[in-house]
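Just so it is clear, the values below take in all heavy atoms, side chains as well, and ignore hydrogens, waters and symmetry mates.
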Amino acid sequence: MRQTLISILLFLSSLQVFSSPEEMYGMYDKDGKHREMTEKMEQIVVQHEQAEKERQEKMTFILCISVLMGLVPFAYIGYKVTKERQWQTNRKGTAQALGIALLGGMALFAFNFGLLYLKIIHTSAFYRFGPVVGLIIIVGTIIMINRKT
């Protein structure tokens, strides 16, 4: 009985017991390719998360700037109406002015959002299409001015 117990203890002590995960990886991944691939994958995931976070921050910035720029016409007209108390004498005209200012602000928001989105998120597309959009706006404005005169 004692000999059996001693032989079992000697057998168990002769077994290699791994003390760390690195030793276990070493046994199964002798050339290190699996470990290297796992580390690269972790780096890619971290880079992707950072890029997504940066993109969200940029989108928030674009949205805030566009909203502020879109509110400028409405705020200006609202200030003028309040200062001159125009709603007391011309309610319909005041409502129309505020409506037009709101629609103009929405158009300004859409234009700024699109332009900033192209400029900040898709820089290469901005440099291809930005001058074309600017040229279309300039030509359109000139045509509209010439039709009124």
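Every residue was checked against the salt bridge (charged side-chain N to carboxylate O under 4.0 Å, His left out) condition with Glu42, not counting sequence neighbours, and none meets it. Scanning for salt bridge (charged side-chain N to carboxylate O under 4.0 Å, His left out) contacts around Lys40 gives Glu36, with sequence neighbours left out. Take Phe74 and apply the ring pair (Phe, Tyr, Trp, His ring centres under 6.0 Å) test, not counting sequence neighbours, and it matches no residue.
Nearest heavy-atom pair across Met69 and Leu108 is O-CD2, 3.1 Å. Residue Leu116 comes nearest to Ser66 through the heavy atom pair CD1-OG, 4.0 Å, listed as atom of the first residue, atom of the second, then distance.
Both Val67 and Met59 belong to a single network of hydrophobic side chains, linked directly or stepwise wherever heavy atoms of I, L, V, M, F, W or Y lie under 4.5 Å apart. Criterion: ILVMFWY side-chain heavy atoms under 4.5 Å apart, direct or through other members. Under it, Tyr76 and Leu102 are part of a common hydrophobic cluster. Ile143 is connected to Leu135 through a chain of hydrophobic side-chain contacts under 4.5 Å among Ile, Leu, Val, Met, Phe, Trp and Tyr, so both are in one cluster.
Taken to the nearest 0.5 Å, the OG1 atom of Thr141 stands 11.5 Å off from the CD1 atom of Ile136. Interatomic distance, CE of Met41 versus OG1 of Thr38, reported as 9.5 Å (0.5 Å rounding). The CD1 atom of Ile120 sits 12.0 Å away from atom CZ of Arg55, with the distance rounded to the nearest 0.5 Å.
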- Task: Go through Ile65 and Phe113 one step at a time and tell me if the side chain to side chain contact (heavy atoms under 4.5 Å, CB included) criterion holds.
- Result: CA-CA 8 Å; Ile65 294 296; Phe113 186 83; over 6 Å; no
- Steps toward side chain to side chain contact (heavy atoms under 4.5 Å, CB included) verdict (Ile62, Ile121): CA-CA 10 Å; Ile62 291 169; Ile121 303 293; 3.9 Å; yes
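Taking the side chain as every heavy atom from C-beta outward, Phe109 and Leu71 never approach each other to under 4.5 Å. Lys58 has its side chain out of reach of Tyr117: every pair of non-hydrogen atoms, C-beta onward, lies at least 4.5 Å apart. Between Phe111 and Ile137 the shortest side-chain heavy-atom distance falls below 4.5 Å. Residues Glu54 and Gln50 are not in side-chain contact: their nearest non-hydrogen atoms beyond the backbone lie 4.5 Å or more apart.
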